[in-house]
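The sequence lines fix the lettering, A, B, ..., with proteins before strands; numbering per chain opens at 1.
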Protein chains: 2
Amino acid sequence: MTGARRDGDDPRLEAILTALCADGGRATVQRRIVVSALLAGPRHVTAEELAATVQARHPDIATSTIYRTLEALDRQGVVQHAHLGHGPAVYHLNDTDHLHLVCESCGHVIEVPGSAYEAFARLLAEDYGFRVAPHHFAVQGRCGACAAEPGLPQRGGAVGA
Amino acid sequence: MTGARRDGDDPRLEAILTALCADGGRATVQRRIVVSALLAGPRHVTAEELAATVQARHPDIATSTIYRTLEALDRQGVVQHAHLGHGPAVYHLNDTDHLHLVCESCGHVIEVPGSAYEAFARLLAEDYGFRVAPHHFAVQGRCGACAAEPGLPQRGGAVGA
DNA sequence: TGGCCAACTGCGAGCTGCATGCGTTAGCGT
DNA sequence: ACGCTAACGCATGCAGCTCGCAGTTGGCCA
């Protein structure tokens, strides 16, 4: 897997480290490792998953360092985190404008391009003066597969349709 | 103010207790007190706030009872809970179809009628087969007052895209 | 090239928010 | 009134972070 690759392969790594340094921050070896794992891993990871990935090869990196690095990355706008339902927060790179559809039933996360909610965001801005923050915009519901199952019925004032 | 009122004032109380009993549940004095506090209190409360309200007058009611009562109410569809951002979950009566706009800056929660996102929900259903669950539908962003402040700028894509 | 200083790290304790097991209490149908 | 059992109170436990502290280290400036 990534074992044979050097960390410096991904050009995004240097860009991110530069962004971290831009505000008086420092590019430490630990941060380099954490960011590399973030770039190499799946699209959405929890802090715990990232910690497990990092610590598998670098057991000397503390979990709190992972959290603090993610916090720093979040502050710089490099990554975003969202609280999808009940579990821990998930982090992902802030490279595309999209929102998350989270299936309550199977936990699957569908990414939807930002254009999908453009009209909705505009409506909220015009009628309520509310500016939607796309990061953090997680919509709960049921994906197509789970909605088809006869499991649990839809509750509450289901949105027309 | 509520001190002089009897708990039985609100007709909704009996309806909710009946709903609780409908499924083999029981209408205990504790549940009566918890539901009364829920009806008398503000629109959105955390479990902790509700526990504080209840225990102010009934210190012998355990916190776990509050949680279990809220869970039972949630199961019956009487209340809904949503995770608005980082804090604890908030509970509210399931009486109107609405979604929550949560201001990241000041924490204010704006309620928006369900009709506002009907078109958006339909789009998600048609294009992605995703059925939005209105409860849990919390949109993060900045309210009009906070958006006007020169605080933090809106962030966008940062990584090399 | 060396020194300085603050940012950062690791460790670990602690905190919040909630879940759960257990023995006891008390609704509620009969 | 009786008995079944849901619900209660208490205590404890767990996940997911957060924070304080002492030691380390990166990056800047002379």
Side-chain angles (χ1 to χ4, degrees), chain A residues 13-14 16-35 37 44-55 57-76 78-79 81-91 107, chain B residues 13-14 16-35 37 44-55 57-76 78-91 107 136:
Chain A
L13 174 60
E14 298 306 323
I16 290 174
L17 289 176
T18 302
L20 272 180
C21 294
D23 217 40
R26 290 176 184 172
T28 65
V29 286
Q30 291 89 345
R31 290 183 165 190
R32 193 174 286 267
I33 290 167
V34 170
V35 173
H44 299 90
V45 287
T46 66
E48 199 182 4
E49 287 166 355
L50 188 63
T53 303
V54 166
Q55 288 169 351
R57 285 205 284 156
H58 305 275
D60 51 331
I61 294 184
T63 305
S64 56
T65 296
I66 312 280
Y67 277 100
R68 282 189 277 228
T69 300
L70 284 173
E71 186 190 340
L73 290 170
D74 204 329
R75 253 203 313 275
Q76 290 300 321
V78 174
V79 303
H81 76 279
H83 297 266
L84 313 180
H86 288 184
V90 297
Y91 290 80
Chain B
L13 174 60
E14 298 306 324
I16 290 175
L17 290 176
T18 303
L20 272 181
C21 294
D23 217 40
R26 290 175 185 173
T28 66
V29 286
Q30 290 89 347
R31 289 185 165 189
R32 191 175 289 265
I33 290 167
V34 171
V35 173
H44 299 90
V45 287
T46 66
E48 199 183 2
E49 289 166 355
L50 188 63
T53 303
V54 166
Q55 288 169 350
R57 285 206 285 157
H58 305 275
D60 51 330
I61 294 184
T63 305
S64 57
T65 296
I66 311 279
Y67 277 101
R68 280 189 277 229
T69 300
L70 284 172
E71 186 191 338
L73 290 170
D74 202 329
R75 254 203 313 275
Q76 291 300 321
V78 173
V79 303
Q80 297 172 342
H81 74 280
H83 298 266
L84 312 180
H86 288 183
V90 298
Y91 291 80
H136 269 162

Residues in contact with DNA chain D, drawn from residues 20-29 of chain B - heavy-atom cutoff 4.0 Å: B:Gly24, B:Gly25, B:Arg26, B:Thr28

Proximal nucleotide (of D:dC8, C:dG17, D:dC17) relative to the B:Glu48 side chain: C:dG17

Quick one: [X] [atom1] to [N] [atom2], roughly how many Å, whole number?
X	N	atom1	atom2	answer
A:Ile66	D:dT18	CD1	C1'	15 Å
A:Ile33	C:dG10	CD1	C1'	14 Å
B:Leu70	C:dC18	CG	P	10 Å
B:His86	D:dG16	NE2	C1'	12 Å
B:Asp60	D:dC10	CG	C1'	13 Å
A:Glu49	D:dG16	CD	C1'	13 Å
A:Tyr67	D:dG20	OH	P	18 Å
A:Ile61	D:dT24	CD1	C1'	14 Å

Any donor-acceptor pair under 3.5 Å from B:Arg31 side chain to B:Arg26 backbone: yes

Would you say the side chain of [Y] lies within less than 4.5 Å of the side chain of [X], judging by non-hydrogen atoms?
X	Y	result
B:Ile16	B:Leu73	yes
B:Asp23	B:Gln76	yes
B:Gln55	B:Thr63	yes
B:Arg32	B:Leu17	yes
B:Asp74	B:Leu70	no

Side-chain-base donor-acceptor pair under 3.5 Å for B:Ser64 and D:dC10: yes

C:dG10 base / A:Arg68 side chain donor-acceptor hit below 3.5 Å: yes

B:Thr28 OG1 to B:Ile61 CD1 distance, which is reported to the nearest 0.5 Å: 8.0 Å

Atom pair OH (B:Tyr91) and CD (B:Glu71), whose distance is rounded to the nearest 0.5 Å: 8.0 Å

Helical bend (five base pairs per end, nearest 10°) for the helix from C:dT1-D:dA30 to C:dT30-D:dA1: 40°

Greater than 12 external heavy atoms within 6.0 Å of A:Glu48's CD: no

DNA chain C: 5'-proximal contact among B:Gln30 and B:Gly87 (nearest heavy atom): B:Gly87

